[in-house]
Amino acid sequence: MTDVRTGPAGGEHETPRPPVSAEQEAREEELLQRVVRSFGQCRDPRLKQVMVSLVEHLHAFLREVRPTEEEWAAAIAFLTEAGHITDDRRQEFVLLSDTLGASMQTIAINNQACGDATEATVFGPFFVEGSPRIPIGGDMSFGATGEPCWVEGTVTGSDGAPLAGARIEVWEADEEGLYDVQYDDGRTAARAHLFTDRQGRYSFWGITPTPYPIPHDGPVGRMLQAVGRSPYRASHLHFMVMADGHRRLVTHVFVRGDQLLDRDSVFGVKESLVKDFEQQAPGTATPDGRRIGGTWSKVRFDIVLAPADA
Ligand code: BEZ
Ligand code: FE
């Protein structure tokens with residue numbers, strides 16, 4: 001038998017490929033080429049490019065990993081289970097994309113660095129259209145539990161000009177680690193939208209973010225457990241910011257000092273998004289005169305939007 005593919009395929013974590021005879025190699029290659037040719041009549045060039053590349057990478061993966069038929073059936077069963085657990089409130093495929101870093105890679109590709117424009121991060125599965133509107137300085141917690149947090153900042157273009165009337169959507173988990181869509185009673189809490197003022201300023205009361213696990217009672221959770229990874233996300237508050245003529249920004253603000261910053265289960269942390277949440281002692285005067293009996297925190301998050309054509 002002639003070994004035509006031995007030794008590491010490249011990359012420090014890859015295992016050596018098992019030896020494969022020239023005859024076997026030829027059969028595997030012939031099949032791949034036949035599948036590639038099957039897309040030859042596709043009229044849509046982008047679709048053709050995507051399908052051919054997908055097949056080439058998929059076959060390269062199979063030929064490198066060489067799954068048993070039982071292993072391949074287990075992979076199909078995993079995807080089937082992901083489909084069964086998915087509905088309009090639970091999106092297991094988003095979780096899979098997130099935990100494999102595919103969401104962040106797609107975000108990196110589509111949000112090219114542009115001057116000092118604020119970096120983007122994962123969208124996650126918990127955004128809901130139609131959040132309540134709050135005024136500047138309003139409270140987006142709507143009774144969700146947690147330490148009050150005053151959030152303030154500006155929205156500007158990358159030329160530094162303030163963006164008046166920018167729409168800011170914010171959403172976050174309560175201190176139990178639950179988003180409102182995970183409550184049993186259907187109420188809306190810890191989500192809202194507001195608009196910047198003439199100077200591009202915004203502020204609101206939210207909740208000091210705390211760490212929470214992504215939903216891990218399904219196949220993605222089992223995958224994380226099997227590979228020894230935690231489902232926890234670093235503490236964060238979600239933002240989506242939109243202004244005419246500017247690229248939509250989906251991002252988070254993270255909490256400096258959080259132990260999970262280097263272990264976020266969905267690879268969403270960027271150093272530029274980590275901010276100081278300044279802890280305030282009970283009785284400290286608040287920016288808007290609101291009376292708070294216990295502790296509260298405050299954070300500044302200035303947001304810079306890239307031009308739409310960036
Ligand atoms: C979130 O931050 O809401 C989230 C992101 C990715 C997966 C699960 C949750
Ligand atoms: Fe989140």
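Here, residue 1 is the first one in the sequence, and each next residue gets the next number.
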> Is any side-chain heavy atom of E29 less than 4.5 Å from a side-chain heavy atom of R63?
Replying inline: yes
>> Once you measure the plane-to-plane angle for H236 and Y212, does it fall in the parallel (<30°), tilted (30-60°) or perpendicular (>60°) bin?
In response: tilted
> Would you call R90 and L95 a side-chain contact if the rule is heavy atoms closer than 4.5 Å?
Replying inline: yes
> So, the side chain of S97 versus the backbone of F93: is there a donor-acceptor pair under 3.5 Å, distance only?
Replying inline: no
> Can D264 and Y232 be counted as having a side-chain donor-acceptor contact under 3.5 angstrom?
Replying inline: no
>> Please identify which of these residues, I207, L237, V299, meets the side-chain contact (heavy atoms from CB on, under 4.5 Å) condition with C149.
In response: V299
>> Please determine whether side chain to side chain donor-acceptor pair (under 3.5 Å) holds for the pair W150 and D288, giving the CA-CA distance in whole Å, both sets of side-chain angles, and the decisive distance to 0.1 Å.
In response: CA-CA 9 Å; W150 176 258; D288 62 347; over 6 Å; no
> Could you go step by step and tell me if V253 and V151 meet the side chain to side chain contact (heavy atoms under 4.5 Å, CB included) rule?
Replying inline: CA-CA 10 Å; V253 57; V151 185; 5.6 Å; no
> Has the side chain of Q33 got a donor or acceptor atom that lies under 3.5 Å from a matching backbone atom of E30?
Replying inline: no
>> Has T251 got a side-chain atom pairing as donor or acceptor with F239's backbone, closer than 3.5 angstrom?
In response: no
>> Main chain of V241, side chain of R248: is a donor-acceptor contact present, judged purely on distance under 3.5 Å?
In response: no
> Counting only N and O atoms by type, is there a donor-acceptor contact under 3.5 Å from the side chain of T121 to the main-chain atoms of G268?
Replying inline: yes
>> Below 30° counts as parallel, above 60° as perpendicular, anything between as tilted: where do the rings of H252 and F254 land?
In response: tilted
> With a 4.0 Å cut-off, would you call D180 and R191 a salt bridge?
Replying inline: yes
> Taking 4.0 angstrom as the limit, do E271 and R256 come out as a salt bridge?
Replying inline: yes
>> For A144 versus A190, what's the shortest heavy-atom pair and its separation?
In response: CB-CB, 3.9 Å
> Is there a side-chain contact between P148 and S141 (heavy atoms, below 4.5 Å)?
Replying inline: no
> Could you walk me through whether T210 and E175 pass the side chain to side chain donor-acceptor pair (under 3.5 Å) check?
Replying inline: CA-CA 6 Å; T210 46; E175 70 179 352; over 6 Å; no
> After noting the C-alpha distance and the side-chain angles of S230 and R263, does the key distance pass the side chain to side chain contact (heavy atoms under 4.5 Å, CB included) rule?
Replying inline: CA-CA 8 Å; S230 161; R263 271 171 286 148; over 6 Å; no
> Is there a side-chain contact between I136 and S203, using heavy atoms and a 4.5 Å cut-off?
Replying inline: yes
> Side chain of T99, backbone of L96: donor and acceptor closer than 3.5 Å?
Replying inline: yes
> About how many Å separate CZ of R201 and CG of D302, when rounded to the nearest 0.5 Å?
Replying inline: 12.0 Å
> Just by distance, do the side chain of Q112 and the backbone of I109 share a donor-acceptor pair under 3.5 Å?
Replying inline: yes
> Quick one: does V55's side chain get under 4.5 Å of L32's, heavy atoms only?
Replying inline: yes
> Is any side-chain N of the basic residue among R66 and E28 closer than 4.0 Å to the acidic one's carboxylate O?
Replying inline: yes
>> Apply side chain to side chain contact (heavy atoms under 4.5 Å, CB included) to residues D262 and V269 and explain how you reach the verdict.
In response: CA-CA 8 Å; D262 61 353; V269 178; over 6 Å; no
> Run the side chain to side chain donor-acceptor pair (under 3.5 Å) check on R222 and Q225 step by step: do they pass?
Replying inline: CA-CA 5 Å; R222 281 208 320 279; Q225 191 173 26; over 6 Å; no
>> Please tell me whether F142 and L194 are part of a single hydrophobic cluster in this structure, the criterion being side-chain heavy atoms less than 4.5 Å apart.
In response: yes
>> Check whether Y202 forms a cation-pi arrangement with R167 (NZ or CZ under 6.0 Å from the six-membered ring centre, at most 45° off the ring normal).
In response: no
> Between W171, F126, F123, which is the residue that forms a ring-ring contact (aromatic ring centres under 6.0 Å, His included) with H238?
Replying inline: W171
>> Donor-acceptor pair, distance only, cut-off 3.5 Å: does the side chain of T80 make one with the backbone of I76?
In response: yes
>> Do M223 and L100 have side chains that approach each other closer than 4.5 Å (heavy atoms only, starting at C-beta)?
In response: yes
> Rounded to the nearest 0.5 Å, what separation is found between the CG atom of L54 and the NE2 atom of H59?
Replying inline: 8.5 Å
> Taking T86 for the side chain and E92 for the main chain, is one N or O donor matched with an acceptor at less than 3.5 Å?
Replying inline: yes
> When you check the gap from the basic side-chain N to the acidic O, do D276 and R300 get nearer than 4.0 Å?
Replying inline: no
> Nearest 0.5 Å, what's the CZ-NZ distance between F301 and K275?
Replying inline: 6.5 Å
> To the nearest 0.5 Å, how far apart are OG1 in T156 and CD1 in I303?
Replying inline: 9.0 Å
> Should V266 and I214 count as side-chain neighbours, where that means a heavy-atom distance under 4.5 Å?
Replying inline: yes
>> I'd like to know whether Q280 forms a side chain to side chain donor-acceptor pair (under 3.5 Å) with T295, so could you lay out the CA-CA distance, the side-chain angles of the two residues, the decisive distance to 0.1 Å, and finally the verdict.
In response: CA-CA 6 Å; Q280 311 292 320; T295 60; over 6 Å; no
> Do the charged groups of R187 and D185 touch, with an N to O distance under 4.0 Å?
Replying inline: yes
> Can we say E152 and K298 salt-bridge, meaning some charged N sits less than 4.0 Å from an Asp/Glu carboxylate O?
Replying inline: no
>> Just checking D87: does its CG atom have more than 12 heavy atoms from other residues, nucleotides or ligands closer to it than 6.0 angstrom?
In response: yes
> In terms of side-chain geometry, is the basic nitrogen of D258 or R233 positioned less than 4.0 Å from the acidic oxygen of its partner?
Replying inline: no
> Which residues, ordered by chain and number, are linked to V304 in its hydrophobic cluster, where ILVMFWY side chains connect at heavy-atom gaps below 4.5 Å, directly or through other members?
Replying inline: none
> So how far is it from E119 CD to S272 OG, rounded to the nearest 0.5 Å?
Replying inline: 3.5 Å
> Between the main-chain N or O of F78 and the side-chain N or O of E81, is there a donor-acceptor pair closer than 3.5 Å?
Replying inline: no
> Do V36 and M51 share a hydrophobic cluster (ILVMFWY, side-chain heavy atoms under 4.5 Å, transitive)?
Replying inline: yes
>> Quick check on the hydrophobic clustering: are L261 and L273 connected, directly or via other members, by side-chain heavy-atom contacts under 4.5 Å?
In response: yes
>> Using side chain to side chain contact (heavy atoms under 4.5 Å, CB included), reason through D116 and S158 one step at a time and then give a plain yes or no.
In response: CA-CA 6 Å; D116 56 356; S158 33; 4.1 Å; yes
>> Nearest 0.5 angstrom please: F127 CZ to E129 CD, how far?
In response: 4.5 Å
